[in-house]
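Given the structure is predicted, the values throughout are model-derived calculations rather than measurements.
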Amino acid sequence: MTSQPLRVGNFSGFYGDRSDALREMLTGGDLDVLTGDYLAELTMLILARDRLKDPSAGYARTFLRQVEDTLGLAHEKGVRIVTNAGGLNPAGLAQAVREVAGRLGIPLRVAHVEGDDLTARHPGSLAAHAYLGGFGIAECLRAGADVVVTGRVTDAALVTGPAAAHFGWKPSDHDRLAGAVVAGHVLECGTQATGGNYAFFTERDPSELRRPGFPLAEIHPDGSGVVTKHPGTGGFVDVGTVTAQLLYETGGARYAGPDVTARLDTVTLTQDGPGRVRIEGVRGEAPPPTLKVGRNRLGGFRNEVVFVLTGLDIEAKAALVREQMGDALAVSPPADVRWDLARTDKPDADTEETASALLRLVVRDPDQQKVGRVLSGAAIELALAGYPGFHVVAPPGKGSPYGVFEDVYVPHGDVDHVAVLHDGRRITVDPPQDTAALDDVPEPQLPQPLPPGRTTRAPLGRVVGARSGDKGGNANVGVWARTDDAWRWLAHELTVERFRELIPEARDLPVTRHPLPNLRALNFVVEGILGEGVAAQARFDPQAKALGEWLRSRYADIPEVLL
């Protein structure tokens, strides 16, 4: 076991991220490992559709273009690359990387991890993949791999695997692994940890935000670490940016994974100098007895049309078109019909666009015919027979397939987690011997409320930050305060009932509040607000990316001492 810190950087937070980030990270400073995260629920569906057209596809082809330009540099600097860009075909991508290295004359050892693909066991699925942990990656690195390609592993596994290999951690080292999980969760979305998508961006110099640098973590043998970035790169790293990313796409205090359950309520963040945030105190517990499997299947077909309503009588115009379209659709009604009116119009507007509202009609059905010509014909036939000023943003098409994401769970032993080494040897990764059921933690003690005083009606975002995201059909909204007094107010003000008042879409849905006092934060999970997941596009913001910003824009009676 070494005592030297492990420097792990990130060069990709999603499939489509900045293509030159890999080179930037290699040339910006010293690193031991670079990680690239390409996979999300929607990405797996996209790759599954690619594989339907071409059985040799199923991986992130953009990764190949990135490494073709940088493999020599990575080899020269001794930086190892670990990525889940293998998607549905890690063996195929590993071979493609070998071919690139051979063509460039670079002596590269490429390994991959497999066993996550359970599609054959789930009839009717386009893709069904278990979320594996980091010990398969660790086996590849211990055997000398320069590049490790995986399929569906947890995002944090891209960091826990290299840390376990570097420090010699065992599956029972729960606290150390949990610290690496937290660092991995901060790194996984790239520039979201360095000022991207940050609630308080207006407090920074705009030039600082144009091109945020990618983050890195210095991980220590005890699992603690420091999040920072290369000197001279854009963006910034402070307790706020790290807190925001820690809350992103999480639930309660127990953050479960295949290697360990990290206790987010034990995380302590401190500013460790300019551009450096120390993470310590993280406790870990045995992982749950089951593995999550993300299942993507075809849900049916969808179509939409957006009617533009301009000027006066917006509500009456919307009512008329709904009645007219209702008559036409009644002949062969789709299984699901949804109308949404967005009142983007302003009175006495000085541009036509700002005088207009948008009425969105979305239809879904297993039968493509019911969402295709039936809808397009009915909408276009109203061109001269509808409300005054009738037009649409774009004519509807014939309808397109949409996907549905589902979570299912299987015992660890049902998955064959295998590290395929660079020399072809196959090492089976044993499931964890210790597991623990994922129970809720006891409600933590909240701070004393602020004493009564004068208040001002103002947006919540004047005093709190937020970040939101999706997990299947659910959304999470993490809300945090930056001072102890603001936390004293937030902890008592933003109850579940108050959240439902401020976010009317959540009024009839299950909402769970998880206090995280160490982070001065509340994390809300709203079940079912995204329907059947991002691919089904059930709402205007299908991944709930801006749900937190909507919450920050809502008004509350805020104590004047906080403003």
Side-chain angles (χ1 to χ4, degrees), residues 37 39-49 51-52 58 84 86-90 113-136 150-157 181 249-252 254-262 286-300 364 366 401-418 429-432 435-440 469-476 509-510 512 525-538 542-544:
D37 182 11
L39 301 184
E41 293 166 2
L42 182 60
T43 312
M44 296 298 281
L45 179 63
I46 293 169
L47 295 176
R49 293 176 65 178
R51 188 171 61 174
L52 285 176
N84 61 16
L88 279 60
N89 187 6
V113 177
E114 61 186 37
D116 59 299
D117 192 348
L118 304 182
T119 307
R121 304 186 203 175
H122 294 270
S125 297
L126 292 175
H129 290 255
Y131 288 68
L132 301 180
F135 279 95
T150 78
R152 179 72 276 189
V153 297
T154 63
D155 300 338
V181 163
E249 295 184 343
T250 59
R254 284 191 165 100
Y255 185 57
D259 296 322
V260 67
T261 293
T290 57
L291 286 175
K292 175 181 171 181
V293 177
R295 199 175 156 231
N296 285 281
R297 61 177 174 82
L298 183 65
R364 294 181 176 83
Y402 70 89
V404 172
F405 179 86
E406 299 166 329
D407 287 346
V408 295
Y409 292 85
V410 300
H412 285 266
D414 285 4
V415 176
D416 298 322
H417 186 177
V418 178
V429 179
D430 294 330
T435 61
L438 198 65
D439 298 324
D440 291 333
D470 65 315
K471 281 295 180 186
N474 302 337
N476 93 288
L509 298 173
T512 307
V525 177
V526 187
E527 297 180 34
I529 193 170
L530 304 179
E532 295 174 300
V534 56
Q537 298 204 359
Q543 289 182 283

Shortest non-hydrogen contact from P431 toward H412
CB-CB, 3.6 Å

Is there a side-chain contact between N474 and E527, using heavy atoms and a 4.5 Å cut-off?
yes

The side-chain hydrogen bond (donor to acceptor under 3.5 Å, both in side chains) partners of T250 (sequence neighbours excluded) come to N523

Who passes side-chain hydrogen bond (donor to acceptor under 3.5 Å, both in side chains) against N296, sequence neighbours left out?
none

Apply salt bridge (Lys or Arg N to Asp or Glu O under 4.0 Å) to D155 and list each qualifying residue two or more places apart in sequence or on a separate chain.
R152

So, using side chain to side chain contact (heavy atoms under 4.5 Å, CB included) as the criterion, who are the partners of D470 when residues are at least two apart?
E41, E249, L530, V534, Q543

A157 to V153 - nearest heavy-atom pair and separation
CB-CB, 4.0 Å

Determine the minimum heavy-atom distance between A544 and A475, stating which atoms define it.
CB-CB, 3.6 Å

With heavy-atom distances below 4.5 Å as the criterion, would you say the side chains of V260 and V181 are in contact?
yes

For D37, check side-chain hydrogen bond (donor to acceptor under 3.5 Å, both in side chains) against everything at least two apart and list the hits.
N84

Using side-chain hydrogen bond (donor to acceptor under 3.5 Å, both in side chains) as the criterion, list what pairs up with H129, not counting sequence neighbours.
D116

Taking all heavy atoms of G257 and all of P287, pick out the closest pair and write down the distance.
O-CB, 3.3 Å

Not counting sequence neighbours, which residues clear salt bridge (Lys or Arg N to Asp or Glu O under 4.0 Å) with R49? List them please.
none

L291 side chain near H417 side chain, heavy-atom distance below 4.5 Å:
no

For G151 and L39, which heavy atoms make the closest approach, and how far apart are they?
O-CD1, 3.5 Å

Gap between atom CG of D439 and atom CZ of R254 - 0.5 Å precision:
6.0 Å

Does the Y131 side chain pair with the main chain of T154, one donor and one acceptor, at a distance under 3.5 Å?
no

State which residues pass salt bridge (Lys or Arg N to Asp or Glu O under 4.0 Å) with E406; sequence neighbours excluded, sorted by chain then number.
R295, R297

Rounded to the nearest 0.5 Å, the CG atom of L88 sits from the CG atom of L45 at a distance of 10.0 Å

By ring-ring contact (aromatic ring centres under 6.0 Å, His included), which residues pair with F405, not counting sequence neighbours?
none

Kindly give the heavy-atom pair with the smallest separation between P90 and V113, and that separation in Å.
CG-O, 3.5 Å

Apply side chain to side chain contact (heavy atoms under 4.5 Å, CB included) to P288 and list each qualifying residue two or more places apart in sequence or on a separate chain.
A256, T261

Sequence-distant partners of D414, side chain to side chain contact (heavy atoms under 4.5 Å, CB included), two or more places apart
R121, V410, P411

Atom CG in L132, atom CG in D259: separation rounded to 0.5 Å?
9.5 Å

Residue set satisfying side chain to side chain contact (heavy atoms under 4.5 Å, CB included) with L298, at least two apart, ordered chain then number -> P401

